[in-house]
Engineer: 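Sending over a structure as structure tokens; questions will come in a sec.
Residue numbers start at 1 and run along the sequence shown.
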Amino acid sequence: SPLATDLGLNIFQFLLIVELLGKEPDPLVVITGSPELISQTKAWASVSGVDVASLPKIQGGFRRFFKLNTPSGVLRASVRTFIFWLLTRRLRSNQNAENGHLVIVTQTHPQSFNGPEPYRDSYFGPLINHVASSQQPAVIMSLMVDRPFEQVRLLKSRKFEIPIRPVESWVTLKDILISTVRAIRGSMRRFDPAEPVELDGIDLRDLVGSYVREARRSGDYFLNLLMFYCGRSLGRSLNVEKCLYPYENRAWEKSFMQGLRSSSPGTKVVGYQHASVAPIHANFFLGEGEASVIPLPDQILTTGEVVQEWLENVGNYPDGLFKTACALRQSAPASGTPKERRGKTSRVLVALATNFTEHVNTVVFVEQAFSAADEFEVRIRPHPAFSLERVIEAAPLGNRKFFNASPGSLADDIEWADVVLYATSTVGLEAVSLGTPAVQMDLGEFLDTDPMFGWDEFKWSVKEPYQLVETIRSI
């Protein structure tokens with residue numbers, strides 16, 4: 001997915017460089033901070049008769065060299081996993097293990113435990129309470145995101161209607177050691193593809209190879225391997241009748257499914273497409289024939305018919321895999337009455353999504369837009385996976401006090417707002433459905449990020465900060 005890695009963006013930019021040089025004989029100046037793009041361009045130029053002059057070197061030389069040429073990321077992730085295995089292994093319980101269980105795999109954040117309820121799931125929302133009231137044996141498997149020590153403390157100190165067990169509590173010490181050894185061995189392997197790595201006849205081996213090598217030496221590689229053993233251990237220790245997880249076609253999902261099916265082949269695995277899908281979410285679209293070689297769930301529940309029809313038509317999925325469900329993350333409106341205008345549009349809610357770079361770029365965009373307008377009250381709602389303090393620290397802002405942080409629930413924020421600003425978040429979609437106008441900020445991505453692409457009812461779009469205030473005033 002272009003939201004998870006810069007590989008797609010760098011391929012797009014490299015192909016653009018090649019195309020421009022093929023059309024114009026004049027020198028081309030490229031400004032980039034990507035050493036991978038520079039390396040790929042030099043490799044192509046050396047066999048294409050093109051001269052390349054690279055000026056300043058990329059910063060962070062030794063640190064970057066250490067990261068890309070040693071398994072430091074693997075070892076760091078392994079040590080972290082061992083620590084949390086020690087802290088959480090007593091949370092694991094085999095009570096009533098022979099009964100058929102529903103296992104809900106999800107990500108938890110500190111905000112998951114901060115509401116009026118003991119636990120609020122970011123993906124499955126009210127389904128958790130429904131399962132708890134049904135008396136069906138169930139367990140939540142948690143992938144802890146952000147401040148994991150705090151989450152472990154909360155898990156140990158509170159009682160939940162459905163037990164919540166971190167991933168680390170399901171694996172064994174042997175699983176951690178095996179994953180570490182396999183990850184270190186993998187980090188030492190050469191990138192040696194069986195087929196040419198090219199697009200439109202242009203060799204991309206250097207660029208793709210650099211990302212593969214970086215991924216193999218990262219902590220994510222270790223964690224993806226660990227998820228296989230987590231799934232296998234789950235199937236061995238618990239009678240898993242059905243397993244539900246948020247479907248995004250990520251590596252850890254495939255690894256986990258392989259492990260679970262190796263020890264519990266009768267388990268029905270169900271993926272839930274929990275959020276909007278836009279063209280930039282390339283991870284949801286399979287290549288031709290890819291579905292026959294990758295692990296897929298037995299069924300994928302979608303948030304609605306529109307997304308389902310799109311994925312069925314162009315996603316290259318097997319027939320009959322999708323089933324229309326509902327949007328669990330979105331709260332139902334209190335009534336069908338359209339929201340009334342309060343008067344002058346002055347309350348602005350900024351909704352951030354699941355990418356740190358998008359967080360930073362959106363905050364910068366909004367700060368520039370409102371720098372000369374003081375009649376607006378700006379409230380920022382970050383995604384639960386990210387700390388707004390970290391975002392503000394990373395953003396090059398002239399004024400770090402131009403906004404207030406969201407103090408409560410999403411429903412309260414939308415009720416408060418006169419207009420909602422978003423770049424990729426589904427909050428814009430929900431706002432429009434509840435009668436609050438939305439403005440989509442185009443941050444210049446090479447693929448469309450708007451979850452309401454093709455829809456312009458009660459929604460506006462801007463490409464530059466200077467357009468934002470006038471657009472809001474015109475609504």
Side-chain angles (χ1 to χ4, degrees), residues 4-5 7 60 62-92 103 105-110 139-156 164-191 209-238 245 248 250-263 295 356 385-387 390:
T5 172
L7 175 58
F62 177 76
R63 183 177 180 180
R64 177 177 175 76
F65 177 85
F66 188 75
K67 175 184 177 182
L68 297 182
N69 293 278
T70 70
S72 59
V74 171
L75 295 174
R76 184 167 56 251
S78 176
V79 171
R80 176 193 179 279
T81 300
F82 174 70
I83 292 172
F84 285 105
W85 173 77
L86 288 174
L87 294 174
T88 63
R89 58 180 179 154
R90 295 188 184 277
L91 291 174
R92 180 173 169 179
V103 175
V105 185
T106 187
Q107 288 186 345
T108 59
H109 317 86
V139 174
I140 295 174
M141 176 182 288
S142 158
L143 289 85
M144 296 185 295
V145 177
D146 195 22
R147 305 205 297 272
F149 286 102
E150 177 183 338
Q151 292 194 53
V152 170
R153 179 181 59 80
L154 291 169
L155 292 178
K156 288 183 174 182
I164 303 176
R165 306 289 182 254
V167 163
E168 292 85 354
S169 69
W170 290 98
V171 297
T172 65
L173 180 58
K174 181 180 179 181
D175 293 336
I176 298 173
L177 292 174
I178 292 175
S179 299
T180 303
V181 172
R182 290 186 61 186
I184 291 175
R185 286 179 176 174
S187 71
M188 298 177 179
R189 290 172 54 194
R190 294 178 56 193
F191 176 64
S210 65
Y211 277 89
V212 170
R213 288 189 294 272
E214 181 178 357
R216 284 176 176 171
R217 292 175 173 88
S218 72
D220 287 341
Y221 183 43
F222 164 83
L223 294 173
N224 291 333
L225 289 172
L226 186 73
M227 289 303 294
F228 170 86
Y229 295 101
C230 176
R232 188 178 70 174
S233 177
L234 172 67
R236 287 176 175 177
S237 58
L238 201 66
Y245 74 96
E248 295 181 359
R250 292 178 178 269
W252 73 260
E253 302 169 23
K254 303 168 190 175
S255 184
F256 174 77
M257 276 189 287
Q258 285 182 306
L260 178 59
R261 285 169 172 164
S262 70
S263 59
F356 186 79
F386 298 100
S387 163
R390 282 188 56 225

Engineer: For the pair S218 (side chain) and A215 (backbone), establish whether a donor and an acceptor sit closer than 3.5 Å, ignoring hydrogens and angles.
Structural biologist: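 Confirmed, S218 side chain pairs with A215 backbone.
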Engineer: Counting distance only, does the side-chain N/O of Q258 pair as donor-acceptor with the main-chain N or O of P295 below 3.5 Å?
Structural biologist: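 Not at all, since once roles are kept as given, no pair shorter than 3.5 Å links the two residues.
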Engineer: Considering only distance and modelled atom types, tabulate donor-acceptor pairs under 3.5 Å from the side chains of residues 141-150, sequence neighbours left out.
Structural biologist:
| unit_1 | atom_1 | unit_2 | atom_2 | d |
| --- | --- | --- | --- | --- |
| S142 | OG | T108 | OG1 | 2.7 |
| R147 | NE | E150 | OE1 | 2.7 |

Engineer: With the side chain counted from C-beta on, respond yes when M257 and Y245 share a heavy-atom pair under 4.5 Å apart, and no when they do not.
Structural biologist: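 Result yes, sub-4.5 Å side-chain heavy-atom pair found.
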Engineer: Can you check whether K156 reaches V152 side chain to side chain, under 4.5 Å on heavy atoms?
Structural biologist: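 Side chain of K156 against side chain of V152, heavy atoms only: contact under 4.5 Å found.
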Engineer: Can you see which heavy atom on G209 is nearest to which on F191, and at what distance?
Structural biologist: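 Result for this residue pair: CA-CD2, 3.4 Å.
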Engineer: Do the side chain of S237 and the main chain of S233 share a donor and acceptor less than 3.5 angstrom apart?
Structural biologist: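 A pair under 3.5 Å: yes.
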Engineer: Would you please name every residue forming a side-chain contact (heavy atoms from CB on, under 4.5 Å) with S169, sequence neighbours left out?
Structural biologist: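 Per chain and number, S169 pairs via side-chain contact (heavy atoms from CB on, under 4.5 Å) with T88, R92, R165, P166.
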Engineer: State, with a plain yes or no, whether a side-chain heavy atom of T81 is found less than 4.5 Å away from one of F222.
Structural biologist: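 The answer is yes; the side chains approach within 4.5 Å.
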Engineer: Rounded to the nearest 0.5 Å, how far apart are CG of D220 and CH2 of W252?
Structural biologist: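 Here the interatomic distance stands at 12.5 Å.
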Engineer: What do the steps show when you test I184 against L75 for side-chain contact (heavy atoms from CB on, under 4.5 Å), and what is the final call?
Structural biologist: CA-CA 8 Å; I184 291 175; L75 295 174; 3.8 Å; yes
Engineer: What's the separation between atom NE2 in H109 and atom OG in S387, rounded to the nearest 0.5 Å?
Structural biologist: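 Rounded to the nearest 0.5 Å, the NE2-OG separation comes out at 12.5 Å.
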Engineer: Identify the two heavy atoms, one from E168 and one from W85, that lie closest to each other, and give their separation to 0.1 Å.
Structural biologist: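 Shortest heavy-atom contact: O-CD1, 3.3 Å.
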Engineer: Determine yes or no for a side-chain-to-main-chain donor-acceptor pair under 3.5 angstrom, with S187 supplying the side chain and R216 the backbone.
Structural biologist: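 Side chain of S187 to backbone of R216: no pair is present.
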Engineer: Which heavy-atom pair separates G219 from A77 by the least distance, and what is that distance?
Structural biologist: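 Reported closest heavy-atom pair: CA-CB, 3.7 Å.
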Engineer: Counting C-beta onward and ignoring hydrogens, is there a side-chain heavy-atom pair between R217 and S72 closer than 4.5 Å?
Structural biologist: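 Contact flag for R217/S72 side chains = no.
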Engineer: Are W170 and L226 packed together at the side-chain level, in the sense that at least one heavy-atom pair is separated by less than 4.5 angstrom?
Structural biologist: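 They are not in contact (no side-chain heavy atoms under 4.5 Å apart), so the answer is no.
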Engineer: Side chains of L225 and I178: closer than 4.5 Å at any heavy-atom pair?
Structural biologist: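 No; the side chains remain at least 4.5 Å from each other.
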Engineer: When rounded to the nearest 0.5 angstrom, what distance separates OG in S179 from CG in L223?
Structural biologist: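 So the gap between those two atoms works out to 9.0 Å.
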Engineer: Just verifying a value: how many Å separate L87 CG and L155 CG, rounded to the nearest 0.5 Å?
Structural biologist: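 These two atoms lie 11.0 Å from each other.
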Engineer: Going from NZ on K254 to CE on M227, what distance comes out if it is rounded to the nearest 0.5 angstrom?
Structural biologist: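 Spacing of NZ (K254) from CE (M227) equals 14.0 Å.
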Engineer: Look only at the side chain of S255 and the backbone of N224, and say whether a donor-acceptor pair between them is shorter than 3.5 Å.
Structural biologist: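 A pair under 3.5 Å: yes.
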Engineer: Evaluate whether atom CZ of R261 has more than 12 neighbouring non-hydrogen atoms of other residues, nucleotides or ligands under 6.0 angstrom away.
Structural biologist: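 Counting other residues, nucleotides and ligands, CZ of R261 exceeds 12 neighbours.
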